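The structure under discussion appears below in the form of structure tokens.
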Amino acid sequence: MKTILLKIILLLPVMSLYAQDITDAVRFSREDMMGTARFSAMGGAFSSLGGDMSSLKLNPAGSSVFLNNQASATLNLNLRSNNVNFGNSNTGTTRNENTFDLNQAGAVFVYTSNDDDATISKYSYGLTYDQIANYNDSYRAFGNVNQSLGDFFVTNAQGLPLDLLEPLPGETVEELYTFLGETQGLSAQNALLGYQTFVIDPVNPNDFNNTQYVSNVQGDEFRHDYLINERGYNGRFSFNTSVEIKKRLYLGLNLNAHYMEYQRNTSSIEDNNNSDSQIARIGFNNSLLTRSNAFSFQLGAIAKVTPQLRAALSYQSPTWYRVSEEVEQSIETIRRGNVEVTNPFFNPRILNIYPEYSFRTASTWRTGLSYVFGNRGLISIDYSVQDYSNIKFRSGPATIVNQQISEELTNAASLNIGGEFVLKQFRFRGGYFTQESPYEDNTIMGDLTGYSFGLGYNLSRVNIDLAYTFASVERNDLLYNTGLSQTANINNDESNIFLTISFGF
């Protein structure tokens, strides 16, 4: 028998988790190209150079390259522009998003041996914070399509007995929504939203065992207006230690604690002009909040092949996340014809709190080479590989998602190239970077490419650095993962301005 539950509910593991899908697996595995202004201006090609606070997030051996104690902090202005094409519309929409934040902070403490013959000629340790991903973004997709939101609700309802969508005597619809969330999952709650607002009806309304449903939305063209607003970040706190051996080899270790918060609010409005359709408009709103804590580690080495040439190899372990999620929903429809309730509205005001689940990203291998032209400048190149098909969910209905990940995701390589030219107290920098798509099908997400440049000024032990980066990627976002196949084509351009103050002590 159905039971009445609280307005805020903890859903049992039988629940189908809301964000356990391939899109979020990719989102939470990728890192943005950001760091100190020097690091960013040189395209992030720093794994074999060290001596920069952000180089430690690529290769922990880099802290022993510092000649003395060092501290730095970086401010970042992030500018995003999304050009969206959707449906049969010939005109796109452009939406801009700006964020100003503390991007990086940290300090390294260096201890040099007074014995020239010591095996360990230098050791260091450091504490750093890096924002490795910025999720603040938004876009609007509107246009005419041949699929209705009614198909989404029908797909979620199919196979569900009609008895579960009808409140018992004395039971409110809100209490039924809570009951379905605890026992059946989010898809059953979606079915209830569609049924209670007359978007869908049972094939046989007189049979409580009915499991087949039809949409009350008729027509072959529907105007959709879809708005997504995202907020959040992924931050990493690291404890670093490294040693210099015989002034030729550097070895390092990072222990990382991560905190991630991501919020996605979506609003979809569908209109149709078909006089035969019982439903003229649907407004469907969803709000998702995801929080997680995680752990990872890194190992790295830098070798001075010659006094000018350096080579590096580093390993970044998988990141092991513990994720929690909360979801709220509401729906409103406008009906046609002589009906008792013209504009049904259903807002359960229920906060669905899901059980924590485990998520593991793929590990990354990185190699780098750099050549230092004395005190005149340097050039550096990095190459890394991450196999996204090794991403794994470890609880909840993970098997199906993991199978999809192994089939649709693949190896993705990144290339970073950077250089620096020194003229007295000034440093002129430039860089190029590219990241391959993690998808087997590049139409889902293409390769990301970008460039960077910057300027540095050295004043005794204080350095002031400024950088600009630009990156572009094209993708096709699936707006709903069940019932609908419509996607929004998005050309995303992202610019960053970095300002770093660093000083030795």
Side-chain angles (χ1 to χ4, degrees), residues 33 35-36 38-68 70 108 110-126 128 238 240-254 297-317 363-386 413-423 427-434 452 454 456 458 463 504:
M33 214 296 291
T36 65
R38 185 183 181 215
F39 173 94
S40 302
M42 292 175 57
F46 255 90
S47 70
S48 62
L49 289 171
D52 182 274
M53 208 64 63
S54 286
S55 71
L56 309 188
K57 72 178 186 176
L58 303 182
N59 190 338
S63 62
S64 287
V65 178
F66 284 104
L67 299 177
N68 48 45
Q70 189 87 7
V108 166
V110 182
Y111 301 88
T112 304
S113 174
N114 294 322
D115 183 0
D116 291 338
D117 297 323
T119 300
I120 298 179
S121 48
K122 189 192 301 181
Y123 70 91
S124 63
Y125 70 89
T128 63
S238 300
N240 166 271
T241 184
S242 70
V243 296
E244 179 190 66
I245 301 175
K246 293 293 187 178
K247 299 182 180 180
R248 295 290 297 273
L249 178 65
Y250 304 86
L251 302 174
L253 166 70
N254 281 349
F297 68 89
Q298 294 162 279
L299 300 170
I302 301 174
K304 283 188 176 180
V305 182
T306 70
Q308 294 80 29
L309 180 64
R310 299 178 186 178
L313 179 67
S314 63
Y315 169 76
Q316 180 174 316
S317 76
S363 60
T364 303
W365 285 95
R366 178 176 282 104
T367 186
L369 284 173
S370 58
Y371 193 89
V372 180
F373 301 93
N375 59 3
R376 291 175 297 169
L378 57 89
I379 188 169
S380 182
I381 182 170
D382 278 8
Y383 181 82
S384 63
V385 176
Q386 185 176 15
S414 296
L415 178 67
N416 304 71
I417 303 172
E420 180 179 69
F421 175 72
V422 178
L423 181 63
R427 277 79 173 144
F428 301 91
R429 302 166 181 135
Y432 169 83
F433 53 93
T434 180
S452 57
N458 176 258
N463 293 286

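The structure displayed is predicted, hence computed values, not measured ones.
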Name all residues meeting the side-chain hydrogen bond (donor to acceptor under 3.5 Å, both in side chains) criterion together with S238; count only those two or more places apart in sequence or in a different chain, and write none if there are none. N256
Under 4.5 Å between any side-chain heavy atoms of M53 and F39, yes or no? no
Taking only distance into account, with no hydrogens and no angle test, what donor-acceptor pairs under 3.5 Å do side-chain atoms of residues 111-118 form with protein atoms, sequence neighbours excluded?
residue : atom : partner : partner atom : Å
S113    : OG   : D115    : N            : 3.1
D115    : OD1  : D117    : N            : 3.0

Side chains of residues 367-386: which donor-acceptor partners sit under 3.5 Å, not counting sequence neighbours?
residue : atom : partner : partner atom : Å
T367    : OG1  : A312    : O            : 3.0
S370    : OG   : S48     : OG           : 3.0
S380    : OG   : A45     : O            : 2.8
D382    : OD1  : S47     : OG           : 2.9
D382    : OD2  : F46     : N            : 3.2
D382    : OD2  : S47     : N            : 3.0
D382    : OD2  : S47     : OG           : 3.1
Q386    : OE1  : Y388    : OH           : 3.2
Q386    : NE2  : A362    : O            : 3.1

Spacing of OG belonging to S55 relative to NZ belonging to K57, to within rounding of 0.5 Å: 10.5 Å
Who are the side-chain contact (heavy atoms from CB on, under 4.5 Å) partners of S314, not counting sequence neighbours? N59, R366
To the nearest 0.5 angstrom, please state how far the OG1 atom of T306 sits from the CZ atom of R248. 8.0 Å
Rounded distance [0.5 Å steps], OG in S64 versus OH in Y123: 10.5 Å
Residues two or more places apart in sequence or in another chain: which of them pass ring pair (Phe, Tyr, Trp, His ring centres under 6.0 Å) with F66? none
Please assess K304 against V65 for the test side chain to side chain contact (heavy atoms under 4.5 Å, CB included), listing each intermediate value before the final yes or no. CA-CA 11 Å; K304 283 188 176 180; V65 178; over 6 Å; no
Set of side-chain hydrogen bond (donor to acceptor under 3.5 Å, both in side chains) partners for N68, sequence neighbours left out: none
Applying side-chain hydrogen bond (donor to acceptor under 3.5 Å, both in side chains), name anything that partners N254, two or more places apart in sequence or on another chain. N240, Q298
What pairs with L251 under side-chain contact (heavy atoms from CB on, under 4.5 Å), at least two apart in sequence or on another chain? V243, I245, L249, A301
Trace of the side chain to side chain contact (heavy atoms under 4.5 Å, CB included) decision for M33 with N416: CA-CA 10 Å; M33 214 296 291; N416 304 71; 4.2 Å; yes
My understanding is that only residues two or more places apart in sequence, or in another chain, count here; which of them pass salt bridge (Lys or Arg N to Asp or Glu O under 4.0 Å) with R310? none
By side-chain contact (heavy atoms from CB on, under 4.5 Å), which residues pair with L67, not counting sequence neighbours? K122
Could you tell me whether L309 atom CG has more than 12 heavy atoms of other residues or ligands within 6.0 Å of it? yes
Between A61 and S242, the two heavy atoms sitting closest are O-OG, 3.8 Å
Can you tell me how far the OG atom of S452 sits from the CE atom of M42, to the nearest 0.5 Å? 9.0 Å
Under the 3.5 angstrom rule, does the side chain of T241 hit a backbone N or O of Y125 as a donor-acceptor pair? no
Just do the side chain to side chain contact (heavy atoms under 4.5 Å, CB included) check on N458 and V422 with the steps written out, would you? CA-CA 10 Å; N458 176 258; V422 178; over 6 Å; no
List in chain and number order the residues that pass side-chain contact (heavy atoms from CB on, under 4.5 Å) with S121, two or more places apart in sequence or in another chain; answer none if no residue qualifies. E244, K247
Going by the rule ring pair (Phe, Tyr, Trp, His ring centres under 6.0 Å), which residues pair with Y315 if we only count those two or more places apart in sequence or in a different chain? W365
